[in-house]
Amino acid sequence: MGTKQLRLSDPEQIRKRIDEFVGKQINIVLTDSTVVFGTVEHVNATGITLRNMRQKKTTHPFVTLTEIYFDTNA
């Protein structure tokens, strides 16, 4: 079975749809071109909190996000 990738690169789309990804693993691309992979733990008005693969929580404000992407089964 293949995978399909959902990419959101518009800041308004990210804010509207980020609640769909709580509890799921996503990749986020930051403004400095680094990529962070983790499970979305919490979403609030200013940003998101991820739990990375080392089980550390990291918080990322929406202003630092340029893109998020999420892999699903096709």
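- Once rounded to the nearest 0.5 Å, the distance linking CG of Leu65 with CD1 of Ile48 reads 5.5 Å.
- Residue pairs meeting the side-chain hydrogen bond (donor to acceptor under 3.5 Å, both in side chains) criterion with at least one member in residues 61-70, sequence neighbours excluded, are Arg7-Glu67.
- The side-chain hydrogen bond (donor to acceptor under 3.5 Å, both in side chains) test applied to Thr58 returns His60, not counting sequence neighbours.
- Although no hydrogens or angles enter the test, the distance criterion places a donor-acceptor pair under 3.5 Å between the side chain of Thr72 and the main chain of Lys4.
- The list of salt bridge (charged side-chain N to carboxylate O under 4.0 Å, His left out) pairs with a residue in residues 28-37, not counting sequence neighbours, is empty.
- Among residues two or more places apart in sequence or in another chain, the salt bridge (charged side-chain N to carboxylate O under 4.0 Å, His left out) test is passed with Arg15 by none.
- The hydrophobic cluster containing Phe62 also contains Leu50, counting ILVMFWY residues as joined when their side-chain heavy atoms lie under 4.5 angstrom apart, directly or transitively.
- Considering Gln25, Lys57, Gln55 in turn, Gln25 is the only one that fulfils the side-chain contact (heavy atoms from CB on, under 4.5 Å) rule with Thr39.
- Contact detail for Ile14 and Leu8: the closest heavy-atom pair is CD1-O, 3.6 Å.
- Atoms CG and CD1, on Asp71 and Ile26 in that order, are 11.0 Å from each other to the nearest 0.5 Å.
- In this structure, Asp10 CG and Arg17 CZ are separated by 11.5 Å, a value rounded to the nearest 0.5 Å.
- Listed by chain and residue number, Val40, Val43 satisfy the side chain to side chain contact (heavy atoms under 4.5 Å, CB included) test with Val22 (two or more places apart in sequence, or in another chain).
- Residue pairs meeting the ring-ring contact (aromatic ring centres under 6.0 Å, His included) criterion with at least one partner in residues 8-48, sequence neighbours excluded, are Phe21-Phe70.
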